[in-house]
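Note sheet for the following structure.
All values below come from the heavy atoms of this structure, side chains included, with hydrogens, waters and symmetry mates left out.
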Amino acid sequence: MERWSGVLRVPLHANGRAFYQVAASLCLSPSSKSPTVPSANAIFFSGDRVVGTENPVIERLSDLQNIAEVLVSKIAGSVNAWVIEASMFSGPFAVYKDFIPSVNQRGEPKSYDPTGFPASSSVVSLLSNCLKEAKSVILQRHKESNLASISGSQFHRPKTLIFGFSKGGTVVNQLVTELGFSELGSCRDQTRVEEEHHQIIPSTKESFLNSITEIHYVDVGLNSIGAYITDSNLIEKISRHLAQGEGDEGIRFVLHGSPRQWCDSKRNWVRDEKDRLFHLLQSATLRSGGKLQVSERFYFADRPPDLQMHFEIIEKLDVS
């Protein structure tokens, strides 16, 4: 399948001041060369900036477009990849203030609060603007009048896979919080369902949250608490929603880590929070009727902690 890849600079809202850099790798229809409905959308939130290392592995895996291509290579089927960088940095620190309103100046969360569903609303708005910009770029490249339309030959609703790398894990935590307060698997009228079947990306925060089938924490960590969700009531809410929801779709959590984060004696809370979340999810598996699954994967166990492995894990991810 032919693809279009590029890095877009788009506003979160029309006429807004917040602009995001997003690398996209999109499936194109063979006939019209226009974006087509994928089997899944993989959304990756990147972390803090690291510059001046002169390490080719770190440099390569700090590049948004390279990350997008890695995701495409790892996920089966016709997948669209979206790699999102924070719109604001305080020095090297990524600040996702549109997704998590209660962050300090270094982007560390004071709390995770579902009020207003800021993360899911921001994802829907940002990807919508990205798709519009990508269509414009593709149209200019091919000079064909029908490129602005979506190929509708497929009749399915794309799944969503969420990846949070390093500081990007804070956005994942906010999304998990919003999942706990959403109506997962709730009944939707047939007209709405049919409209969504032709959507490349979800058009509402409700359809976005309902489309999430996998959540990957990728070597997340902070210099403060809050790297992982540890609220037992929240995990219980998600488990209960899944058990009561219609259909067979569930959510799979995968915790990926390296010695860089999970074996840092100066930040023991990172490992402690990871263990707490893992056990909460394990306990919730049976109560969800098997619709919630969890696993953890430890990489580079035979190497001492270093910065390279923190980025190299992106290339080594096992998403099977």
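- A donor-acceptor pair is defined here as one N or O able to donate and one able to accept, closer than 3.5 Å; no such pair exists between the side chain of Arg260 and the backbone of Met309.
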Steps toward side chain to side chain contact (heavy atoms under 4.5 Å, CB included) verdict (Arg252, Thr213): CA-CA 6 Å; Arg252 181 170 71 111; Thr213 59; over 6 Å; no

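- Between the side chains of Tyr20 and Asp98, at least one donor-acceptor pair of N or O atoms lies under 3.5 Å.
- A parallel orientation is assigned to the rings of His256 and His216, their planes being inclined by less than 30° (bins at 30° and 60°).
- Side chains of Val79 and Cys27 form no contact here, defined as non-hydrogen atoms less than 4.5 Å apart.
- Between Tyr228 and Val176, the closest side-chain pair of non-hydrogen atoms is not below 4.5 Å.
- Ser128 contributes no side-chain N or O that, together with a main-chain N or O of Val124, makes up a donor-acceptor pair within less than 3.5 Å.
- Counting heavy atoms from C-beta on, the side chains of Tyr112 and Asp231 never come closer than 4.5 Å.
- Taking 4.5 Å as the limit, every side-chain heavy atom of Val103 sits out of range of all side-chain heavy atoms of Thr170.
- Residues Leu234 and Leu179 are not in side-chain contact: their nearest non-hydrogen atoms beyond the backbone lie 4.5 Å or more apart.
- The main-chain N or O of Ser111 is found under 3.5 Å from a side-chain atom of Ser102 such that the two form a donor-acceptor pair.
- Counting heavy atoms of neighbouring residues, nucleotides and ligands inside a 6.0 Å radius, atom CD1 of Ile225 does not exceed 12 of them.
- Formation of a donor-acceptor pair under 3.5 Å by the Tyr299 side chain with backbone atoms of Asp318 is found in this model.
- Listed for the Glu85 side chain is no donor-acceptor partner under 3.5 Å among the backbone atoms of Leu64.
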Intermediate values then yes/no, side chain to side chain contact (heavy atoms under 4.5 Å, CB included), Thr230 and His279: CA-CA 10 Å; Thr230 57; His279 292 309; over 6 Å; no

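- Using a 4.0 Å cut-off between a side-chain N of Lys or Arg and a carboxylate O of Asp or Glu, Asp275 and Arg271 qualify as a salt bridge.
- By the 4.0 Å N-to-carboxylate-O rule, Glu296 lies close enough to Lys274 to be salt-bridged with it.
- Contact check for Phe99 versus Gln174: no side-chain heavy atoms found under the 4.5 Å cut-off.
- Between Leu126 and Ser122, every side-chain heavy-atom pair lies at or beyond the 4.5 Å cut-off.
- Sorted by first then second residue, the side-chain hydrogen bond (donor to acceptor under 3.5 Å, both in side chains) pairs that include residues 300-316, not counting sequence neighbours, are Asn55-Gln308, Arg60-Glu315, Ser166-His310, Asp219-His310, Arg303-Glu312, Gln308-Glu312.
- Exactly one residue among Ile162, Thr160, Ile75, Leu161 makes a side-chain contact (heavy atoms from CB on, under 4.5 Å) with Glu214. That residue is Leu161.
- Taking the six-membered ring for Trp, Phe253 and Phe278 have ring centres at least 6.0 Å apart.
- Under the 4.5 Å side-chain criterion, counting only non-hydrogen atoms from C-beta, Phe208 is not in contact with Ser182.
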